[in-house]
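Heavy atoms only: backbone and side chains are in, while hydrogens, waters and symmetry mates are out.
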Amino acid sequence: MTPLAPLYLLAAFAVAGPILFHLWRRTPRGRREFSTLMFLSPSPPRVTSRSRVEHWLLLLMRATVLCLLAMAFARPLWRTTTSGQEKPENEELIAVLVDNSASLRREGAWTDLQKRLKERLSQLPAAATVALFHFNEQWSADVDFAELKRLPAEERREVVKARLAELKPGWRGTNLGEALVRTASALQETQAEQAIPARLRIILASDLQAGSRLDALNGFEWPPDMRLELLVADASSTSNAGLQLVERNLDAGEDVLRVRVTNAANSRKEQFSLEWSGDASTAFPVYVPPGQSRTVIPPDRRGKPVTSLHLKGDDDDFDNTVHIAPAREESRLVIYCGSDSADDSNGPRFYLEGLFGAAQRYQIHVRGWREALAESKEEKPALVVLVEPDADAKDFVKEHLGRGGTVLIASGTASAASEALKQCGLTELDVTEATVKRDAMLGDIDFEHPLFAPFAESQFSDFTGIRFWKHRSLAGFTAETATGPHQGKVLARFDDKTPAFVEFKQERGRVWFLTGGWHPADSQLARSSKFPPLLFRILEQAAGDTVRAESLPVGSEIFWRLQGADPTTKGVVQTPTGAVSGVAINTPFSNTESPGLYTLEADGRTDVVAVNLAAAESQTAPLPLDQLEALGIRMGATESPEDLRRLRERERQLQIEELEHVQKLWRWGILIAIVLLLIETWVAGRRPTADV
């Protein structure tokens, strides 16, 4: 007999308790002095051998009960010979992980990978359970272990081969780290369901290019009983150069197109050329040594409407083209309500028109409300600025808010601010001139709000250099409360805790109240470096513009840029491979699986977006294997002697646990202990009290 938990046998030492109780003798308590003995010397009692066991039967039963309980908790079992048919020698769980990222589009790479996979699958033991997964930027299961359980054993391998033949390289990047983590997790989940553990192995079929992402492996503990076997594809040529678009900063007026040419570290070529599609006369030589990159300005397009640039002289052309979306002609209409002219340097409109007139991304028109209505009744204003509101503009402002528009109030007096708030439907607010002893500064700003989020970084968050000479005060907005009438929210406060910027939700739109103006009579705001980004941010938020990169990687979501449109509107997306109709504009378009230009059409507007290959896919030099080993991955197709010893020990322990679970001898120990306790209670009750 063998105990499964031998440490519980230490509890058998508790048998000393009944023995000690049987040997223990009670001595009389208390002491009484007799006067007749006061002249005698005290003498200690003599030690005798009267401490002896008198009731051997009770002692034996009590000791036996304790021993039986200790044995029951130790979970005893009888060792038996294990049948050799319980576990085949070659039982193994194998996950085949196939890379189908864009770098496998190199000439000969995918063909070589498929050949290696077919040969390796034919060599695997017939009893091995083989699942199939593939990955690029995303991980996907083609034949997982759950599906294999539902299939007959003789059909499983054929299903895997059929699904493997359907795989093709795509255009996405390579997230190797996440793919390995998710595949290892799938193997562990299947292992947990096994009665007897099997050997675990991942067969990774990839080109192992240096541009693979491994960051997901940093916080993952690789299972010690799992091996990674590599099948590395060989392309026809090791030389590869790639072309990427360098993002321009249009807000800063940067309108120069730049591209980056990268050359793989193991490349054998270094002389290339750039040319626009369909125009060989624009060829421009580029010299890039292996392992380096160069940022260059491509040749002039000469006014031609070309939308792609090509890199010539490379062996593999899968990453030699960048698509460039044509410049988008956009305009924004800003309605200004005030009596000052655009030439008055002391008025707010002078600074507003000077700023918006220099915009690079949009063509921004600042118009008075009567002038704008007279010019075009169809163009909807992106922003309405109320400085000195016109009484006749009340209906216009109300209609603008009803459409979900935004109104910015920046009045120079308390009476004008009060009238502007009333035109927006905010009639319960009391506006007065604040008492400013010398000047006021912005001190408490909500950088979590989308309006001030771009200023959250430490190098941009300091507004204390902007002085306000005058500003208005709102009743009901104290230092302790952030809300007041009409559910206003304070986005910024002055250093005296009075509100500086308040947001109100009104009908479907919103009202922003700047209690201090930007003109010189009120503050230094118009002459500070914070004024341009703040006003452009206000305009972007008011227009509902989505900031989008000039070029998106394959697989990215494209957000529609249609401010004020009905969310139920359907649009049409023209992809490089065809058109997709009936696309809802309230959800981003995510079917961007190939590079090219994507045209989004809805509500009479057109938006062209360039989607290009991820830059990391051009890094086709081999990934050093020591990077994988440094992350704890155990490489090789077979286990080491230590792995085999650990696996056999685990199998032996699981077999013992299963045998103990079948026998359950501990139940008999507890049953005998209960019977002995009943007998002991009966025997003790039959004895005289003094004897027991």
Side-chain angles (χ1 to χ4, degrees), residues 93-104 113 131-142 144-145 169-192 197 199-233 242 244 247 260 262 264-266 291 293 319 456-458 549 552-557 613-640 642-643 646-647:
L93 297 177
I94 300 176
V96 178
L97 183 59
V98 183
D99 180 3
N100 71 331
S101 59
S103 60
L104 268 301
L113 190 68
L132 178 64
F133 307 91
H134 77 270
F135 74 99
N136 36 65
E137 283 183 348
Q138 298 177 336
W139 177 86
S140 181
D142 298 285
D144 58 12
F145 292 103
W171 289 101
R172 292 193 177 221
T174 310
N175 194 342
L176 177 59
E178 181 181 356
L180 287 174
V181 168
R182 298 191 65 174
T183 306
S185 300
L187 277 170
Q188 286 182 303
E189 291 174 2
T190 307
Q191 179 79 297
R199 291 182 293 171
L200 305 180
R201 195 192 330 171
I202 297 177
I203 299 179
L204 174 60
S206 172
D207 58 347
L208 279 185
Q209 49 108 356
S212 303
R213 290 173 51 192
L214 300 175
D215 49 296
L217 287 167
N218 290 331
F220 181 73
E221 184 177 354
W222 189 262
D225 56 345
M226 188 178 301
R227 311 291 297 186
L228 177 65
E229 179 184 349
L230 297 178
L231 297 179
V232 182
Q244 299 92 36
E247 192 75 16
R260 182 181 297 108
T262 60
N266 59 342
S293 64
D319 57 348
E457 299 293 334
S458 58
L552 299 177
V554 174
S556 301
E557 293 183 334
L613 191 69
E617 286 302 289
S618 298
Q619 302 175 22
T620 55
L623 178 73
L625 296 184
D626 55 0
Q627 290 190 21
L628 296 176
E629 294 176 346
L631 293 169
I633 297 178
R634 307 178 69 84
M635 311 293 291
T638 59
E639 293 81 357
S640 63
E642 178 63 22
D643 293 335
R646 188 164 39 244
L647 181 61

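Looking only at side-chain heavy atoms (C-beta outward), L625 and L208 come within less than 4.5 Å of each other. Within the 4.5 Å cutoff, side-chain heavy atoms of N136 are placed close to those of Q138.
Separating the CG atom in L623 from the CG atom in L628 is a distance of 5.5 Å, to the nearest 0.5 Å. Expressed to the nearest 0.5 Å, how far CD of E617 lies from OG of S212 amounts to 7.0 Å. Atom OG in S103 sits 9.5 Å away from atom CG in N100 (nearest 0.5 Å). Distance CD1/I94 to CZ/R227: 13.5 Å, rounded to 0.5 Å. The distance from atom CH2 of W222 to atom CG of L217, rounded to the nearest 0.5 Å, is 7.0 Å. Distance check, rounded to the nearest 0.5 Å: CE of M635 to CG of L204 gives 8.0 Å.
Shown here for L132 and V98, the closest heavy-atom pair between the two residues is CD1-CG2, 3.8 Å. Residue Q188 comes nearest to P223 through the heavy atom pair NE2-CG, 3.3 Å, listed as atom of the first residue, atom of the second, then distance. Residues R172 and E137 approach most closely at NH1-OE1, 4.0 Å, considering heavy atoms. Smallest separation of non-hydrogen atoms from F145 and L93: CE2-CD2, 4.1 Å. Of all non-hydrogen atoms in P197 and Q191, the two that sit nearest each other are CA-OE1, 3.4 Å. When all heavy atoms are compared, the tightest approach of A621 to A264 is N-CB, 4.3 Å.
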Inset, instruction - Give the intermediate values and the outcome of side-chain contact (heavy atoms from CB on, under 4.5 Å) for residues V96 and F133. - result: CA-CA 6 Å; V96 178; F133 307 91; over 6 Å; no
Atom pairs and distances, side-chain donor-acceptor, residues 176-187, under 3.5 Å, sequence neighbours left out:
unit_1, atom_1, unit_2, atom_2, d
E178, OE1, N175, ND2, 3.0
T183, OG1, W139, NE1, 2.9
T183, OG1, A179, O, 2.7
S185, OG, V181, O, 2.9

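The side-chain contact (heavy atoms from CB on, under 4.5 Å) with R201 is formed by just one residue from the set E229, M226, R634; it is E229.
The salt bridge (charged side-chain N to carboxylate O under 4.0 Å, His left out) test applied to D207 returns R106, not counting sequence neighbours.
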